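Letters go in sequence order (proteins before strands), and every chain restarts at 1. Bear in mind the structure is a predicted one, so any value in this text is a computation, not a measurement.
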Amino acid sequence: NPDLTEERMKGTFDTDKMAALIYGSEKFARRRREISDCVSRIPQLADIKPYPFLTRDEKLMEGTRKISVLNHYLPAIIDKDNAAESLHLHQEVIGFEGHPLALHDSLFIPPLLTQGTDEQHEKWLGRAKRREIIGCYAQTEMGHGSNLRALETTATYDISTQEFILHTPTITALKWWPGNLGKSSNWAVVVADLVIKDTHYGAHMFMVQIRDEKTHEPLTGITVGDIGPKMAFNAADNGFLGFDHYRIPRDHLLMKYSRVEPDGTYIKPMHAKINYHGMVRVRSNMTTEQGLFLAHALTIAVRYSAVRRQGYLDDKSHEVKVLDYQTQQHRLFPSIARAYAFQFAGAETWKLYEQVLNGMKSGNVELMADLHALTSGLKSVVTHQTGEGIEQARMACGGHGYSMASYIFEIFGLAIGGCTYEGENMVMLLQLARYLVKS
Amino acid sequence: VELVQSGKSVGPMVAYLAEPDTKVDLTTGPEAYVKVFQHAARRQAWKATDKFHELMKSGQSRDIAWNNCAVELIRASRLHTRLYIMETFIRRVSSISDISIKKVLIDLVNVHVNYEVLDIGTYALEHVSSTQLDSIRSQLYSSLDTLRPNAVSLIDSFQISDMQLRSVLGRRDGHVYPNLFEWAKASPLNQTHVLPSVNQYLKPMMDK
């Protein structure tokens with residue numbers, strides 16, 4: 001399109017160099033391009049038809065089909081241990097609507113990795129990485145969200161059998177929302193209130209098998225299923241999970257930091273804030289991720305605004321590009337600035353997180369509370385502003401923004417999920433406020 | 001705020017809470033805008049904390065007092081976070097050595113700081129005059145204009161492939177309208193000329 005070509009000719013910098021800055025290194029920016037190119041040459045990885053025309057069942061089937069094809073090609077395309085390459089590949093092939101392993105790499109393996117002992121890694125980590133088991137992370141409950149202090153699901157230690165008895169006493173105690181919990185996962189990291197001899201020790205993580213590995217049928221004592229359609233992300237099966245006095249061995253408690261001895265002795269973690277670790281990790285990552293959602297919507301709106309011509313300014317012989325209107329620029333450019341700002345803020349926050357991780361190895365968790373507070377605020381502000389920016393991008397596309405041909409709604413639906421997952425925004429802001437007041 | 005009030009030291013992320021207010025000269029660059037934001041964030045955090053303390057002094061329990069100033073507290077949190085984003089953006093851009101990249105990102109930083117300060121205008125007015133705010137507004141329009149030639153390249157730089165974007169409007173080649181028509185033709189509703197719903201409901205209705 002000559003209008004877009006003209007725009008590209010006007011640019012004053014090298015977009016490959018800018019991509020290197022956005023994605024943190026020239027190497028990763030290049031790998032992204034190579035992976036996209038590689039995917040485009042594998043016909044089985046192409047969409048069977050545009051996603052908006054598929055039913056939810058068809059989307060689920062399509063996501064699953066692609067995962068199985070990807071599993072075959074994966075080693076040839078990416079370094080499997082490189083999480084960033086893996087994420088890019090999956091987004092490229094499957095997009096934003098989810099798939100059966102959407103949470104496996106990002107929310108199942110990480111807690112196993114960071115909260116599990118060496119023996120537990122030996123037992124499960126390799127299997128998870130080879131995708132011999134499919135997992136998810138189940139914390140949120142129907143009636144209490146992810147409020148750890150109010151979790152109703154209990155894990156009561158039975159000294160006589162050296163087992164934990166998992167139980168959901170009410171409907172509100174059902175795990176509700178976890179991605180891929182409903183139909184795909186056969187294992188889950190479950191967060192439950194640890195109880196030993198009538199004493200409650202609060203939220204702890206447990207590795208729990210929920211389905212038979214051969215038949216995929218739910219195990220006895222397990223109630224599991226899909227929670228139904230959502231605003232977006234409908235190719236993923238977000239699920240519910242209940243336990244009826246379901247028993248698991250003692251060594252299924254992830255015991256890197258806190259332990260339960262066979263006789264029921266509880267050994268607490270060296271520092272209470274150690275449990276912030278997982279939340280901080282995900283929320284640090286969310287800033288960058290949300291910036292990219294915003295960039296997706298802006299890519300659509302800015303390109304279209306350079307193609308769409310409407311009305312006249314000085315020259316009455318040609319309609320002008322809508323991008324030349326100040327209102328359109330005011331609608332889009334501050335969001336472009338925010339998309340870049342989120343990338344850079346995300347990268348700096350991730351560095352701080354790595355600093356905290358290194359500190360933790362030597363018992364120094366000083367920065368953890370600061371970062372926990374900051375990332376609570378970041379995830380709230382960034383998800384909110386991303387949602388606003390995407391909505392502006394949609395309206396900047398005129399009526400066509402309302403069509404699923406723009407695909408903006410799908411990006412919007414996924415991005416604003418972030419306003420409530422990993423902690424509802426108001427709750428998160430109040431967490432940061434507590435820190436500001438104390439300071 | 002409580003630590004600052006009791007004369008104790010605070011970490012670098014909240015050091016601005018203890019700083020005194022100073023006059024700002026907006027012509028000195030983005031750092032001046034950071035000062036405006038710091039002022040707004042600091043003032044809001046102190047105001048919210050003071051209100052919280054006052055409510056407790058008046059006899060409200062800690063939890064009730066907290067709930068009664070939650071909206072003010074949330075505003076303090078938002079300002080703190082937006083300040084952090086602005087600071088990291090400026091810090092990152094100032095560390096870039098490639099001149100052409102740095103120049104366009106400075107243009108983008110200018111859009112950002114002007115827009116952000118205007119967006120918190122009611123807070124900013126406690127620190128800058130309305131004339132200064134008008135000047136920021138003019139700066140914003142001028143920054144939008146400066147950025148205009150690089151708009152497409154800035155979003156192209158995210159290098160999101162057509163496959164990942166899945167958007168007819170956002171195609172890299174810009175061939176929107178013919179593809180929009182092809183996309184519509186692919187709709188399942190267009191696979192037959194007469195839908196079953198017409199035969200089942202509309203026709204009998206019209207035949208009456």
Side-chain angles (χ1 to χ4, degrees), chain A residues 1 3-4 7-8 10-13 15 17-19 21-22 32-33 36 39-40 49-51 53 91-92 95 295-296 298-300 302-304 306-307 323 326 329-330 333-334 336-338 340-341 344-345 348 370 374 377-378 381 397 400 405-407 426 429-430 432-433 436-439, chain B residues 1-4 10-11 13-14 17 45 48-49 52 70 73-74 76-78 80-82 84-85 88-89 92 96 98 100-101 104 108 111-112 115 141 144 147-161 163-170 173-176 180 183 186-188:
Chain A
N1 178 289
D3 285 336
L4 262 182
E7 294 295 330
R8 291 180 175 128
K10 276 196 285 194
T12 59
F13 63 94
T15 54
K17 279 187 186 169
M18 187 67 90
L21 197 73
I22 292 170
R32 286 182 87 260
R33 293 192 291 274
S36 299
V39 166
S40 72
K49 59 175 149 170
Y51 269 50
F53 295 137
Q91 280 187 350
E92 183 79 15
H296 274 75
L298 291 166
T299 299
I300 296 164
V302 173
R303 281 183 186 162
Y304 181 61
V307 168
L323 197 55
Q326 192 184 55
Q329 293 168 12
H330 189 251
F333 295 179
I336 299 179
R338 279 181 175 169
Y340 274 80
F344 299 146
E348 186 163 317
D370 297 324
L374 174 71
L378 271 176
V381 168
C397 294
H400 296 318
S406 76
Y407 210 56
M426 292 301 143
L429 287 167
L430 284 172
L432 169 57
L436 288 175
V437 168
K438 279 183 184 169
S439 295
Chain B
V1 171
E2 287 170 348
L3 284 175
V4 174
V10 288
M13 281 182 190
V14 282
L17 290 175
T49 309
F52 174 52
L73 287 162
I74 274 168
S77 296
R78 285 208 184 100
H80 171 79
T81 309
R82 291 172 73 171
Y84 171 81
I85 293 169
T88 53
F89 193 7
R92 183 71 185 96
I96 294 164
D98 185 296
S100 61
I101 295 282
V104 68
L108 208 52
V111 169
H112 188 69
Y115 187 84
Y141 300 138
L144 294 177
L147 199 65
R148 167 66 185 86
N150 277 312
V152 168
S153 295
L154 276 166
I155 52 93
D156 274 351
S157 297
F158 282 94
Q159 301 193 330
I160 299 161
S161 71
M163 179 166 182
Q164 193 175 143
L165 208 53
R166 289 176 167 82
S167 169
V168 181
L169 298 194
D173 65 12
H175 295 148
V176 174
L180 205 49
W183 190 87
S187 168

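Scanning for side chain to side chain donor-acceptor pair (under 3.5 Å) contacts around Arg338(A) gives Gln385(A), Glu116(B), with sequence neighbours left out. For Glu348(A), the side chain to side chain donor-acceptor pair (under 3.5 Å) partners are Arg91(B), not counting sequence neighbours.
Taken to the nearest 0.5 Å, the CZ atom of Phe158(B) stands 4.0 Å off from the CD1 atom of Ile22(A). Atom CG of Leu154(B) sits about 10.0 Å away from atom OG1 of Thr15(A), to the nearest 0.5 Å. In this structure, Leu378(A) CG and Ser77(B) OG are separated by 11.5 Å, a value rounded to the nearest 0.5 Å.
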- Stepwise side chain to side chain contact (heavy atoms under 4.5 Å, CB included) check, Val14(B) with Leu436(A): CA-CA 8 Å; Val14(B) 282; Leu436(A) 288 175; 3.8 Å; yes
- From CA spacing to verdict: side chain to side chain contact (heavy atoms under 4.5 Å, CB included), Met18(A), Val104(B): CA-CA 10 Å; Met18(A) 187 67 90; Val104(B) 68; 3.4 Å; yes
- Quick one: do Ser100(B) and Thr12(A) satisfy side chain to side chain contact (heavy atoms under 4.5 Å, CB included)? Show the steps, please. CA-CA 7 Å; Ser100(B) 61; Thr12(A) 59; 5.8 Å; no
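The aromatic rings of Phe344(A) and Phe89(B) sit tilted, their planes meeting at an angle between 30° and 60°.
Contact of Arg92(B) with chain A is made through the side chain alone, with heavy-atom distances under 4.5 Å. For Val4(B), the parts lying under 4.5 angstrom from a heavy atom of chain A are both the backbone and the side chain. With a threshold of 4.5 angstrom between heavy atoms, Leu144(B) approaches chain A through its backbone and through its side chain. Both the backbone and the side chain of Ile101(B) have a heavy atom closer than 4.5 Å to some heavy atom of chain A.
In this structure, His330(A) has its ring center closer than 6.0 angstrom to the ring center of Tyr115(B).
Between Phe13(A) and Asp98(B) there is no side-chain heavy-atom pair separated by less than 4.5 Å.
Side-chain atoms of Ser36(A) and Gln164(B) form no donor-acceptor pair, as typed in the model, at a separation below 3.5 Å.
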